[in-house]
Number of protein chains: 2
Amino acid sequence: MQAEHCLMGTAERKAKEKEELKELILQAAQKLFVEKGVEHTTIRNIASEIEYSVGTVYVYYRDKNEILHDLHRRGFMKLGASMAALQHVSHPFERLKATGRAYIAFALDNQLMYDLMFNMKAPMHTMRMNQEEKWQEGMATFGVLRQTITDCMSAGYFKGHEVEALSFAIWSAVHGMCSLYIRERIQGASAAEPRQLLEEAFESLIRMMDVK
Amino acid sequence: MQAEHCLMGTAERKAKEKEELKELILQAAQKLFVEKGVEHTTIRNIASEIEYSVGTVYVYYRDKNEILHDLHRRGFMKLGASMAALQHVSHPFERLKATGRAYIAFALDNQLMYDLMFNMKAPMHTMRMNQEEKWQEGMATFGVLRQTITDCMSAGYFKGHEVEALSFAIWSAVHGMCSLYIRERIQGASAAEPRQLLEEAFESLIRMMDVK
DNA sequence: TTTGAAAAATGAACAATGTTCAATTTCTTT
DNA sequence: AAAGAAATTGAACATTGTTCATTTTTCAAA
């Protein structure tokens, strides 16, 4: 069916080109999502941004949700990398604090991405289609936090707590701050600037946790 | 210009009928939003649910966002009432715990409403149009929490904390749990059932706070 | 170099949606 | 009963996500 010589070479190149175009679509989508929001970005926008036709986008992504899902996946890789970089901090409680700060920094520097990862329903729904287990991309990140907290408990912190529940509680607290900030639910809650209130709230959280 | 006798009577009736129809639209919208989600509910759906035409809906609500905004407002009234009912609990820390449980109960019993109140961008945007101050509907609720926490501090709790930041931190923690639960970000995080993990996390939070 | 089939790209066409508004119906007052 | 006001209608428009028959491009084989 297929000739032998130099075929594999072109096939590879083709595959790489396909990947590059897919990447191009993703970059354009992310840019437009940030600029005008997910809802107000049309497939036609994305297509004309990369100077291809509408149909081409549908060749590489089944629908708009699949683009969201791909961005979602990348978000978790980025957050995961950012947290993995802190594993060298040996004192567990210091590592916990650093992890929290890194998490907040990620959320605030990539607000739309964070929104996509934790506040949007769409990506979770498209994942059902694939596998029950696919969300574990995100849960690996939770595993890192749980390990750090386990280490803290070994060092005498969090006496009387249960790891699983405590980890979720702490994750919730930090996520809650970021989420309320990003979704603009802090305006008017205090005289302070939203950003500063967030920082101070994180300090408060640390103070609550820091009892041996 | 207007006759005097029995005119006010009909005018009042007319006004009441208008209110009733507006109420009808809102009820239908809420029902359909819960059944099929906000995105997948069309104005035509709402119209045919109440057996009126599309145009009529637009007479009472400028656009879909205004319907969302109205539900948003009602949500805060309901949550506010639920929290106000606990002001009789005299011991401040007990009141704080009860407030948290009431908050969680509200979020889980009215998941779509909660979503609307804290996770959706749309209602916040339409509010900008009206007044800078309108979001205070929601902030009154925060005020109740802050007062309870102030009382806790007077009773010796939360030593060394700053009220504003601490209140926001605690709100964040509880909101985070509810938000992650509703947005289905707990699946697979633990062997436990999501609902049970949420309860246990709340217990963990209380344990962290309960140091005099 | 030519060729022809496979791969990629196209964009017109479709269905569904939010929204508008001139026309119609219903109600109220005189 | 009739005129005027208010409420209701639903056809029509613009925009969207999505599909698919058609066209263009690519490239191994002759």
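Here is the naming used below: chain letters follow the sequence lines, and residue numbers restart at 1 for every chain.
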Geometric cation-pi criterion, B:Lys22 with B:Tyr61: 6.0 Å, 45°: yes
What is the separation between atom NZ on A:Lys64 and atom P on D:dT18, rounded to the nearest whole Å? 8 Å
In this structure, how many angstroms lie between the P atom of D:dC13 and the OH atom of B:Tyr58, rounded? 17 Å
Name the one of B:Lys31, B:Glu23, B:Gln30 that satisfies side-chain hydrogen bond (donor to acceptor under 3.5 Å, both in side chains) with B:Gln27? B:Glu23
Here the salt bridge (Lys or Arg N to Asp or Glu O under 4.0 Å) pairs for residues 191-206 of chain A, sequence neighbours left out, are A:Arg195-A:Glu199
Rounded to whole angstrom units, what separation is found between the NE2 atom of A:His40 and the C1' atom of C:dT17? 14 Å
CD1 of B:Ile25 versus P of D:dT8: gap in Å, rounded? 9 Å
So the salt bridge (Lys or Arg N to Asp or Glu O under 4.0 Å) pairs with at least one residue in residues 101-125 of chain A (sequence neighbours excluded) are A:Asp115-A:Arg183
Any chance you could list the contact pattern along nucleotides 6-15 of chain C? Use B for base contacts, S for sugar-phosphate-only contacts and - for none, protein heavy atoms under 4.0 Å, 5' to 3'. --SSBB-B--
Starting from P on C:dT17, measure out to CD1 on B:Ile46 and report it in whole angstrom. 12 Å
Please identify each residue that fulfils side chain to side chain contact (heavy atoms under 4.5 Å, CB included) with A:Val54, with sequence neighbours left out. A:Ile43, A:Arg44, A:Tyr58
So if I take residues 26-37 of chain B and measure heavy-atom distances to DNA chain D, which residues fall below 4.0 Å? none
Kindly write out the residues that satisfy side chain to side chain contact (heavy atoms under 4.5 Å, CB included) with B:Ala47, not counting sequence neighbours, or none if the list is empty. B:Val57
How many whole angstroms separate atom CD1 of A:Ile43 from atom P of D:dT18? 6 Å
In whole angstroms, how far is the C1' atom of D:dT16 from the CD atom of B:Glu39? 13 Å
Sorted by chain and number, sequence neighbours left out, salt bridge (Lys or Arg N to Asp or Glu O under 4.0 Å) with A:Arg146 holds for A:Glu164
Distance in angstrom units between A:Glu17 CD and D:dT25 P, rounded: 15 Å
Could you name each residue pair satisfying ring-ring contact (aromatic ring centres under 6.0 Å, His included) that touches residues 173-196 of chain B, not counting sequence neighbours? B:Tyr114-B:His175, B:Phe118-B:His175
Counterpart residues, salt bridge (Lys or Arg N to Asp or Glu O under 4.0 Å), relative to B:Arg95 (two or more places apart): B:Asp151
